[in-house]
Amino acid sequence: MRSLRRRRAGGAPDIPPSRLSARDLVSEALAGMLQRPARSALTGLGTVLGVGTFVAILGLTATASSQIDSRFNALTATEVGVRDTAGGADPQLARQVPNAFPRDADDRAGALNGVTAAGVFWPVPLGEAAAVRSAPVAGADGERIPVVAASPGMLRAAGLTLGSGRAYDSFHDGRAEQVAVVGRAVAARLGITTLESRPAVFVGGHPFTVVGIADGAERKPDLLLSVMVPRGAAERLWGPPDNAQRARMLVVTQLGAARQVAAELPLALRPDHPEWMAAEPPPDPRGLRSGVTSDLDQLFLLLAAICLVIGAVGIANTTLVAVLERTGEIGLRRALGARGRHITAQFLAESAAQGAVGGLVGTTLGTLTVVGVSALRDWTPVMSPLTVAAAPLIGLVTGVLAGLYPAWRASRTQPAEALRR
Amino acid sequence: MTGTRTAGPAGAPPVVRFEDVGLTYPGPPPVEALRPCRLTVRRGEYVTVVGPSGSGKSTFLNVAGLIDAPTAGRYLLDGIDTGALRDRDRTALRGQRIGFVFQSFHLLPHRSALENVLLAMVYNGVPRGQRAARARTALERVGLGHRTGHLPTRMSGGERQRVAVARALVAEPSLLLCDEPTGNLDTATAASVLELLDELHADGLTLLVITHDPQVAARGARTVAIRDGVLTEEAAP
């Protein structure tokens with residue numbers, strides 16, 4: 001520099017240009033923001049709210065839809081129903097084939113890979129007169145309790161939990177033994193308190209020994225309000241199911257196997273007439289989840305965006321006021337060798353820092369909201385790492401966008417004008 | 001161009017050289033704020049420019065301080081023809097070679113005296129490691145070595161103007177350009193600031209002080225009067 005000063009040559013001399021290093025820019029921007037802490041906090045509030053809402057909404061929808069998922073996983077996603085559609089449109093065929101499920105339907109379905117339990121069931125057509133009684137007393141009013149023919153596999157597929165006694169098995173079924181499993185409430189209505197005395201129920205006059213009392217059922221909880229009898233005995237005493245309520249099959253699969261099993265079931269059950277079997281796979285939980293998520297997201301993300309716009313307007317307004325208020329400072333900096341672009345960079349950095357800090361605080365508050373709500377509802381909080389990483393950046397971008405116009409105004413300030421203040 | 005013989009350290013290289021420099025603000029109607037004039041300030045000189053308000057003092061200050069570009073003539077600062085410079089280079093030259101002292105101090109209220117002085121080195125490429133030491137030296141030079149951490153709002157007017165002088169000195173400028181340096185000060189503090197300027201002059205610094213006050217103007221080794229945009233050299237007393 002000294003040597004340059006001595007050089008008196010005309011023309012364009014080498015003048016080292018003014019510069020503003022990145023470190024100086026950052027410290028100037030932080031100083032500008034921190035010298036008015038209260039105002040900066042109020043300015044950042046809009047960004048805090050916008051980003052916080054954004055994070056909370058994305059987190060809460062992710063958390064809520066993961067709860068929906070787990071419900072599907074536990075029950076519906078592992079359940080396949082099979083309907084008997086033989087003669088659906090042909091009454092003659094329907095009479096010829098009253099029950100399209102073969103005798104060994106449980107074994108055939110159970111042999112499929114991925115099936116954990118499978119069973120056939122149908123409501124027994126008893127007619128008006130026949131009722132369920134606890135004693136063979138003719139004429140006395142019986143309870144109108146439904147009777148369900150259920151294969152032994154059905155009891156396992158329904159996930160019955162037996163409070164006392166046992167479930168009947170394929171031995172009882174094969175021999176058409178007259179045994180029954182009843183729900184706890186049904187047992188109470190029939191006056192059965194213990195199995196020690198080998199109690200019996202009378203269904204339309206036919207005695208059935210109660211071998212088990214069920215306390216709960218994971219699937220088809222309506223079974224608990226009925227008397228369950230083996231398929232063999234039901235067929236021997238009352239014949240095949242009524243055409244109006246044909247037999248159905250419940251197949252429980254391992255997680256993820258349901259759709260594959262559903263595709264294989266008709267052929268496995270009736271290789272000769274697969275068209276008589278209609279397997280109903282569960283709804284795809286992925287499709288369901290994305291439906292729920294996108295509905296909620298669209299509505300609430302709109303709200304978050306509105307908050308962000310309000311936040312941006314807040315920052316823009318305060319920065320503009322600060323630019324007008326700090327005209328003297330701008331003039332001074334220009335006198336000290338700052339170029340217009342240095343002034344732009346400084347005010348832009350200040351509003352960016354403001355937005356980034358607001359974004360960070362907002363992300364923190366949003367995350368805390370998700371965790372808090374999850375704790376209240378006994379949910380597992382679920383958040384995408386992308387959400388947490390992107391949110392402060394959204395604050396930063398908001399700050400930069402908000403600072404564009406004020407920073408441009410600041411750089412246009414004429415130093416001569418500014419120094420007169 | 002014939003060299004103008006002036007009082008002061010004759011033979012020293014000129015720091016400021018106005019060659020028929022004038023400034024006309026475009027109208028309508030055009031205002032001739034500074035008539036074309038000649039002025040040479042040599043290194044180590046203490047020159048005062050005196051005139052009433054509205055006489056064109058501010059225009060003269062802006063032109064001499066490279067804040068406004070003249071519309072006529074040539075202005076050479078340290079021998080560099082500023083008319084040929086791009087805006088970028090004029091800004092850099094202003095930051096490196098001219099130290100400003102303003103009537104209203106222009107200190108940042110939320111920063112300490114030291115931080116205000118540091119600001120003068122941010123844009124000039126002074127390495128960060130050297131800045132604090134240089135700023136302390138400058139504050140000691142103006143007699144404020146004990147108040148470096150104070151905020152300007154906690155300082156008297158005289159102290160504030162001393163901080164501003166330290167800020168102007170710290171970048172080692174060729175020219176100290178003072179605009180009404182005592183305008184906001186009472187008589188006693190004004191005297192102490194003027195004494196400081198005298199000391200700086202004695203140290204060899206080049207000073208150009210613009211004022212409306214004839215008593216302040218009398219402190220200079222040479223006085224130039226300005227009236228209605230016309231610059232006239234007065235005889236040394």
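Every chain is numbered from 1 and lettered A, B, ... according to where its sequence line falls, protein lines coming before strand lines.
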Distance-only donor-acceptor check, side chains [X] and [Y], under 3.5 Å:
{"X": "A:H342", "Y": "A:R339", "result": "no"}
{"X": "A:R19", "Y": "B:Y123", "result": "no"}
{"X": "A:E350", "Y": "A:Q354", "result": "no"}

Answer with side chain, backbone, both or neither: which region of [X] has an atom nearer than 4.5 Å to a non-hydrogen atom of chain A?
{"X": "B:L108", "result": "side chain"}
{"X": "B:R111", "result": "side chain"}
{"X": "B:R74", "result": "neither"}
{"X": "B:R90", "result": "neither"}

Option that, when pairs with chain A are counted at under 4.5 Å, heavy atom only, ranks first among B:A120, B:S58, B:G125: B:G125
Contact winner vs chain A - B:R167, B:R86, B:E115, B:M121, heavy-atom pairs under 4.5 Å: B:R167
Portion of A:Q414 that has a non-hydrogen atom of chain B nearer than 4.5 angstrom: neither
A:R326, part contacting chain B, at a heavy-atom distance under 4.5 Å: neither
Hey, can you pull the donor-acceptor pairs under 3.5 Å for the side chains in residues 32-46 of chain A, sequence neighbours left out?
from, atom 1, to, atom 2, distance (Å)
A:R36, NE, B:H110, NE2, 3.2
A:R39, NH2, A:E325, OE2, 3.1
A:S40, OG, A:M33, O, 2.6
A:S40, OG, A:R36, O, 3.0
A:T43, OG1, A:R39, O, 2.7
A:T43, OG1, A:T318, OG1, 3.4

Basic-acidic side-chain contact under 4.0 Å: B:R43, B:E45: no
The single option from B:T211, B:D179, B:N184 passing side chain to side chain donor-acceptor pair (under 3.5 Å) against B:Q103: B:N184
